[in-house]
Amino acid sequence: MNIFKRKKKIIKVPIVTEEERAKPVRCKSCGRLISYAELKKNLKVCPYCGYHFRMTAGERINLIADEDTFSEIDTEVKAVDMLNFKDVVTYKNRIKQAKERTGLDSAAVTGKAKIGGFDAAIGTFAFEFIGGSLGSATGEKITRLIEYAKKRELPLVIVFSSGGERIQEGIYSLMQVAKIIYAIDSFKESGGLFISILTNPTYCGTATIAMAGNVVIAEKGASISISGPRLAKQVAKKNILPKLEQAESLIENGLLDIVVDRHLLKSTIVRLLKYYNRRRI
Amino acid sequence: MVKLLSFEKSLKPLYEELKEKRKNAQSTDYIEEKIAETLKKIYSNLTPYDIVQIARHPDRPHTTDYINALFTDFLELHGDRKFGDDPAIIAGIGYFNGKVTGVIGHRKGRNLKENLRYNFGMAEPEGYRKALRVAHLISERFKAPIITLLDTPGASPTIGAEERGQAEAIAYNLQELFNIPTPIVAIVIGEGGSGGALGIGIADKLLMLKYSIYSVISPEGCASILWRDASKAKEAANALKLTANDLYKLHIVDKIIEEPAGGAHRHREEVIQAVGKEAQKALNTLSRLSKKKLLEKRKEKFINIGVYNE
Ligand SMILES: [Zn+2]
């Protein structure tokens, strides 16, 4: 395995067509129409009600990393259909379509960047690539990022935005959870700081991984659940307190350190990195 | 009479004849032979979804059956020391082939009343926390190896479980089980349901009964998500590669424990003993490793799982 290979690459933010750019977006929460430019300027947060729209991996990196400091690693790790899985479409096709649409080869973008001037290893799940689901390639990239951070003694920031395991990779996807948790444990044992950022949604196995952070931060309104969308559906059906499994209620149960508005996400991370940088060694 | 599964319907008249013959005190040799023959035929040609049903058969030996048969002086230990005691997980210590050994497993019930009590083998966060607490106790105080028995549809999917930190409990178990300093042998005896199974499933050796399953998601759940049609569970079971044979080929399972035609629910004693024998074999191999080597190999096993292009 070529674990610590580094390659520079500019991440592609999925292209928004002119047509889409011209069309106003309807807020999923308050129903108001917002121009694309206005939404973009407000970090994809509804200016009226504060609803946090999903970000792509590229947008996420741009939000957290200092300008022009991100260099991607492990770009050569690519998702593959090892089980010949076919549901209504073949998994091969799903991968192909996701690649074409996003310019990514897996549901993870990982690399090194400066955050508020501090060097850090940073990775994000890409929801736009098959729901950000955790397959072998994604699992391998996240694992390598953690090993990369450990080897270089960098703090580690991972942003979660995932529907859970990649079902089309069967048991391999479940085992990625164990693999990543082991890598995280080994990283934390070495004294590393793992800042885990949960965004909407963080489900199933990825919720498990996300909870292994030293500091666990969730974005406002993020839906977080180990049972995943089926439970979310159940909750919606029964119409009981739809907020129940959102970040705001989980912090009351003692499961999160901080719930933060997207506008304050980076500065919160930077504060932690600053404390970490001034730790007594 | 044993509950017949959908693909065993051709046995119904034979079982009825057997019952009749027994009632009339007639010889049953011929009919019993016929049943065995038919079972052999049926079981030599099972689909993955048939195996799913065998894995869920209510008469299949459960964790408590294995403990009762294979352990002496078993002492159950209760509670997570934080919130509660989850009956869906049974944990304790006893003698296995004369040696002090820990055992942790999911507990399923035999009937509806029991199943409601044990939540169908779906553990709450308290269950996972109890399992870890006992694992630490067994390995660090009693210096004993641990056998884990996996048989669950999945982790408890309730809002209460989420609120009490199901994700954190399982994450912490995975992390800590990698560092348990004595050998762990995990055996899938029925349903290996996703994170619910993995939560007590980090082990040095993973064994699987021939008619058990281990999957990232239930075939029904998979069908409703990917096909958007829960009735496509059969297709999903095919696609997921969740049988012992498949998982052996995928290098996830170290050893398949054979079950006779008819399944463990028709050959309870025989299968329980086979599980005991294979567990002992695995423990023998592992006991030769130094603690350092043991932990290294456990981690290596998981860190290398995954298929991707590069
Ligand atoms: Zn709004």
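Each chain gets a letter, A, B and so on, in the order its sequence line appears, and its residues count up from 1.
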Just by distance, with hydrogens left out, do B:Lys234 and B:Thr47 show a side-chain donor and acceptor under 3.5 Å apart? no
Most heavy-atom pairs under 4.5 Å with chain A, out of B:Leu198, B:Asp246, B:Asp229, belong to B:Leu198
Between B:Ile217 and B:Ser215, what is the shortest heavy-atom contact and its length? O-OG, 2.6 Å
Engaged part of B:Ser194 at the chain A interface, taking heavy atoms whose separation is under 4.5 Å: both
Select one option (side chain, backbone, both, neither) describing which atoms of B:Asn179 are under 4.5 Å from chain A's heavy atoms. side chain
Part of B:Tyr214 within contact of chain A (heavy atom distance under 4.5 Å): both
Which atom pair, heavy atoms only, marks the closest approach of B:Asp85 to B:Lys130? OD1-NZ, 2.8 Å
Looking only at atom types and distance, does a side-chain atom of A:Asn253 sit under 3.5 Å from a main-chain N or O of A:Ser249, one as donor and one as acceptor? yes
Chain B interface, residue from A:Val88, A:Ile171, A:Val89 that has the most non-hydrogen pairs under 4.5 Å: A:Ile171
Counting only non-hydrogen atoms closer than 4.5 Å, does A:Leu83 touch chain B with its backbone (N, CA, C, O), its side chain (CB onward), both, or neither? both
Non-hydrogen atoms of chain A under 4.5 Å away: do they reach the side chain of B:Ile252, the backbone, both or neither? side chain
Max heavy-atom pairs within cutoff under 4.5 Å with chain B, candidates A:Tyr182, A:Tyr172, A:Phe85, goes to A:Tyr182
From the list A:Ser223, A:Ser225, A:Ser162, side-chain hydrogen bond (donor to acceptor under 3.5 Å, both in side chains) with A:Tyr203 holds only for A:Ser223
Contact origin within B:Glu168 toward chain A - heavy atom pairs under 4.5 Å: both
Bottom line for B:Ile202: the part with an atom under 4.5 Å from chain A's heavy atoms is side chain
Below 4.5 Å from any heavy atom of chain A, which atoms of B:Ile170 appear? Answer side chain, backbone, both or neither. both
How about B:Phe302 and B:Phe178: are their ring centres within less than 6.0 Å of each other? yes
Taking all non-hydrogen atoms of both residues into account, name the closest pair between B:Thr243 and B:Met208 and its distance. C-CE, 4.2 Å
Is chain A contacted by the side chain of B:Leu177, its backbone, both, or neither, given a heavy-atom distance below 4.5 Å? neither
Rounded to the nearest 0.5 Å, what separation is found between the CD atom of B:Glu300 and the CG atom of B:Asp204? 12.0 Å
With a 4.5 angstrom heavy-atom cut-off, is it the side chain or the backbone of B:Ala155 that approaches chain A, or both, or neither? neither
Taking all heavy atoms of B:Pro219 and all of B:Arg56, pick out the closest pair and write down the distance. CD-NH2, 3.9 Å
